[in-house]
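Everything numeric here is computed off the predicted structure, so don't read it as measured data. In the text below, chain A, chain B and the rest are named by the order of the sequence lines, each starting its count at 1.
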Protein chains: 2
Amino acid sequence: MDDQPRWLTDEEMEAWLALISMLIKLPQALDGQLQRDAGISHFEYQVLAGLSMSPDRTIRMSELAQLADGSLSRLSHVVSRLEKRGWVRRCADPGDGRYTLAVLTDDGWEKVVATAPGHVATVRASVIDPLTKAQIRQLRDIGRRITEAVDPGGACPG
Amino acid sequence: MDDQPRWLTDEEMEAWLALISMLIKLPQALDGQLQRDAGISHFEYQVLAGLSMSPDRTIRMSELAQLADGSLSRLSHVVSRLEKRGWVRRCADPGDGRYTLAVLTDDGWEKVVATAPGHVATVRASVIDPLTKAQIRQLRDIGRRITEAVDPGGACPG
DNA sequence: CCCGATCACTTGAAGCGTCAAGTAAAGTAA
DNA sequence: TTACTTTACTTGACGCTTCAAGTGATCGGG
């Protein structure tokens, strides 16, 4: 990369360590709550939530993958599991047979409705409530900048 | 949890979505760079880096697990792999045979030295450089608050 | 109309993390 | 000393993600 790399200053290192810790522990906390209370992973929740917010509770696999921040392959495996549990159905897009449409079943809808409040409460307790209103705005800006730096033009930089 | 959950406001939701995206994409970017350039995962790097900063390049497994933010089981598996690659050795603590000491070999030290600059450059490019000095301080505070909320009294809240 | 290219997705194998069970050393109490 | 508990770690099985290869459906050029 660089023969003489610029090491991190103390302030930068503090921020970096704080970020690393958060990066590891927050997903664990979110996955843990969902696993305990609903028996699903955070990614599965994102998939179900994405479906529940789509028109007709239906969306193409590729769009859903973007929405849930995952690869198409990962989504395909997960949707297979969700199908076995009766929460999602697959069907070919009538207009273009290459697309697969994922559809949220009634049972799937119930699952989201039953799971959402507890999850939101966890998000509040872990992220929103510990921060001031100003910090919430700062977090949004920081998150966007980092996401944009890491994956320029990915999904929805808002 | 709560019969009438407080949903997220628009500002809160924006921050939350930005955080989720970062939470998913930043680890991917860090792992990706290390995997490509050095053939190791970010966790493996943290283990090697933790060892390299310990006195005599030696540290107890349980302390190393805390330092690297991972479970003892995970660390044990990873150290087994690092041992096979010749970067780490294990030996029983002479004072208390229950403890296992992990020791960084000379090859392991070389690996860290060879890997660190590229990794630091990636951290800079992904996190430090896109942010202002003020944002870096904000990130540190936000990260600490969230980490503390999620895992009260964990490792080093600094 | 045909054939190759492209697109959207699926599948199977390999690797890593987690959980539960197991092992060995040290402490404790009779 | 012996037996029981605790501590620190290891191990194996299972589940999930990733990667590479494969399957159809559709498009575009001749």
Next on the checklist: For a quick check of understanding: with a heavy-atom distance under 4.0 Å over all strands, which category does A/Asp96 fall into, base, sugar-phosphate or nothing?
Outcome noted: sugar-phosphate

Next on the checklist: Checking contacts here: which listed nucleotide (D/dC27, C/dC9, D/dT6) is nearest the side-chain heavy atoms of B/Arg98?
Outcome noted: D/dT6

Next on the checklist: Just to be sure I understand the rule, does B/Ser71 reach a base, reach only the sugar-phosphate, or reach nothing, if contact means heavy atoms closer than 4.0 Å?
Outcome noted: sugar-phosphate

Next on the checklist: Measuring from the side chain of B/Gln28 (C-beta onward, heavy atoms only), which nucleotide among C/dT10, D/dT18, D/dT17 has the closest atom?
Outcome noted: D/dT18

Checklist entry - Quick one: do A/Arg90 and A/Glu83 make a salt bridge, cutoff under 4.0 Å? => result yes

Next on the checklist: Could you go through B/Arg124 and A/Glu12, starting from their C-alpha distance and side-chain angles, then the distance that decides it, and tell me whether this counts as salt bridge (charged side-chain N to carboxylate O under 4.0 Å, His left out)?
Outcome noted: CA-CA 9 Å; B/Arg124 275 211 166 280; A/Glu12 289 167 349; 3.0 Å; yes

Checklist entry - Roughly, in whole Å, what's the span from CG in A/Leu34 to P in D/dG15? => result 20 Å

Item to check | Salt bridge A/Arg6-B/Asp129, side-chain N to carboxylate O under 4.0 Å | outcome: yes

Checklist entry - Can you find a donor-acceptor N/O pair under 3.5 angstrom joining the side chain of B/His77 to the base of C/dG15? => result no

Checklist outcome for this item: B/Arg74 CZ to D/dT10 C1', in whole Å, measures 17 Å

Checklist entry - Pick the nucleotide of DNA chain C nearest each of B/Gly95 and A/Arg90; which residue has the one closer to the 5' end? => result A/Arg90

Next on the checklist: With a 4.0 Å cutoff (strictly under), does any side-chain N or O of B/Thr100 reach OP1 or OP2 of D/dA8?
Outcome noted: no

Next on the checklist: With a 4.0 Å cutoff (strictly under), does any side-chain N or O of B/Arg81 reach OP1 or OP2 of C/dG17?
Outcome noted: yes

Checklist outcome for this item: Between A/Ser41 and B/Ser62, the residue closer to the 5' end of DNA chain D by nearest nucleotide is B/Ser62

Next on the checklist: Looking only at side-chain N and O atoms, does B/Arg144 offer a donor or acceptor that is under 3.5 Å from a partner on A/Ser21?
Outcome noted: no

Item to check | Rounded distance (Å) that lies between atom C1' of C/dC19 and atom CD of A/Gln35 | outcome: 12 Å

Next on the checklist: With no hydrogens and no angle check, just 3.5 Å: does a side-chain donor-acceptor pair link A/Thr105 and A/Arg57?
Outcome noted: no

Next on the checklist: Checking contacts here: which listed nucleotide (C/dT11, C/dC9, C/dT18) is nearest the side-chain heavy atoms of A/Ser73?
Outcome noted: C/dT11

Item to check | For atom NE2 of A/His42 and atom P of C/dT18, their distance in whole Å | outcome: 17 Å

Item to check | Value in whole Å for how far the P atom of C/dT18 lies from CG of B/Leu72 | outcome: 12 Å

Checklist entry - Hey, is the side chain of B/Arg60 poking within less than 4.0 Å of OP1 or OP2 on D/dC9, counting only N and O atoms? => result no

